[in-house]
Amino acid sequence: MARLLLRGFDIRKAYLDVAAQTQLIEALRPILKSAPLFRPTTPSGKEMSVRMTSAGAFGWVTDKAGYRYQAQHPKGMEWPAIPAPILEIWRNLASNEHDPDCCLINYYGEGARMGLHQDKDEADFSWPVLSVSLGDDALFRIGNTSRGGKTESIWLNSGDVVIMGGPARLTYHGVDRIRFGSSKLLPKGGRINLTLRVAN
DNA sequence: AAGTTACC
DNA sequence: TATT
């Protein structure tokens with residue numbers, strides 16, 4: 001598997017071909033129908049520009065009460081199961097022993113961004129976070145395990161799989177910009193980012 | 001504080 | 001690893 005060295009952190013990277021990307025989009029269609037995208041509000045009361053939903057036993061949510069994983073969509077229903085082709089990516093690239101219990105689905109429309117943050121709402125940081133990029137190019141930024149200091153940016157393209165484990169697991173990271181319309185994978189444009197995690 | 005802005 |  002390819003390796004990226006960013007800010008001194010060793011990050012694994014793989015690529016899904018266009019047929020695999022298309023299969024994932026097809027698998028996501030019923031998920032998005034039964035668990036619609038919503039726009040979360042942070043505890044500080046600000047709306048995020050990214051829209052999101054989840055699949056799996058747990059989904060990540062935020063609202064005025066805080067950040068957490070919970071078993072229900074904000075509208076009250078259970079999250080749909082993680083589709084088999086998505087689980088297969090985890091089993092092939094992250095672990096064949098322990099499946100993820102959360103697939104966070106983030107949709108970046110035109111102008112959507114995500115500020116630098118750590119993924120730290122999970123119970124056990126020894127499992128990696130696996131990210132799949134689908135659709136438009138995204139300028140991904142990574143910093144350090146604490147705020148401040150230099151950062152480094154790379155463009156992520158459709159089909160890219162990035163696995164952040166080990167020392168990279170708790171690095172600050174975010175998305176500064178989407179090159180809206182740069183990919184034809186999603187007819188209406190934008191980027192879907194899947195993040196697979198062991199949340200609980 | 002997964003908001004903003006942006007490496008200074 | 002947290003009533004941030």
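Throughout, protein chains are lettered first and strands after them, A, B, ... in sequence-line order, and every chain is numbered starting at 1.
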**Atom-pair distance (CZ on A:Arg141; C1' on B:dT5), nearest Å** = 9 Å
**A:Asn144 CG - B:dA6 P separation (whole Å)** = 19 Å
**Asked** Short question: side chain of A:Glu122, backbone of A:Asp124 - any donor-acceptor pair under 3.5 Å?
**Response** no
**Request:** List the steps, then state whether salt bridge (charged side-chain N to carboxylate O under 4.0 Å, His left out) holds for A:Arg113 with A:Asp176.
**Result:** CA-CA 5 Å; A:Arg113 294 168 291 177; A:Asp176 286 352; over 6 Å; no
**Item:** Any A:Trp155 side-chain heavy atom under 4.5 Å of A:Asp160 side chain
**Value:** no
**Request:** In whole angstrom, give the distance that lies between atom CD of A:Glu152 and atom C1' of B:dC8.
**Result:** 17 Å
**Prompt:** Considering only side-chain heavy atoms of A:Asp176, which listed nucleotide, B:dA6, B:dG3, B:dA2, is closest?
**Reply:** B:dA6
**Fill in**
Sorted by position of nearest nucleotide on DNA chain B, 5' first, the leading residue of A:Arg113 and A:Asp119 is A:Asp119
**Message:** Any base atoms under 4.0 Å from A:Arg177, or only sugar-phosphate, or nothing? Heavy atoms, all strands.
**Reply:** nothing
Protein-nucleotides 2-4 of chain C N/O pairs closer than 3.5 Å?
none

**Message:** For A:Asp119 and A:Arg169: C-alpha separation, side-chain torsions, deciding distance, then whether salt bridge (charged side-chain N to carboxylate O under 4.0 Å, His left out) applies.
**Reply:** CA-CA 8 Å; A:Asp119 290 9; A:Arg169 173 64 178 75; 5.0 Å; no
**Request:** Quick one: sort the A:His98 and A:Trp127 rings into parallel, tilted or perpendicular, breaks at 30° and 60°.
**Result:** tilted
**Asked** Is atom CZ of A:Arg177 surrounded by more than 12 heavy atoms (other residues, nucleotides or ligands) closer than 6.0 Å?
**Response** no
**Prompt:** Within the pair A:Arg68 and B:dA2, is there a side-chain N or O less than 4.0 Å away from OP1 or OP2?
**Reply:** no
**Message:** Say we look at C:dA2 and B:dT5: how far apart would their C1' atoms be, to the nearest angstrom?
**Reply:** 26 Å
**Asked** Taking NE2 from A:His117 and P from B:dA2, how many angstroms apart are they, rounded to a whole number?
**Response** 7 Å
**Asked** Atom CG of A:Asn144 and atom CD of A:Gln118: how far apart are they, to the nearest 0.5 Å?
**Response** 10.5 Å
**Asked** A:Trp60 has an atom CH2; how far is it from atom P of B:dA1, in whole Å?
**Response** 13 Å
**Item:** Nucleotide B:dA2, atom P - distance to CZ of A:Arg197 in whole Å
**Value:** 12 Å
**Prompt:** Heavy atoms under 4.0 Å, any strand shown: does A:Ser44 hit a base, just sugar-phosphate, or nothing?
**Reply:** nothing
**Item:** Atom-to-atom span, CG of A:Leu104 to P of B:dA2 - whole angstrom
**Value:** 14 Å
**Asked** A:Met114 CE to B:dT4 P: how many Å, rounded?
**Response** 10 Å
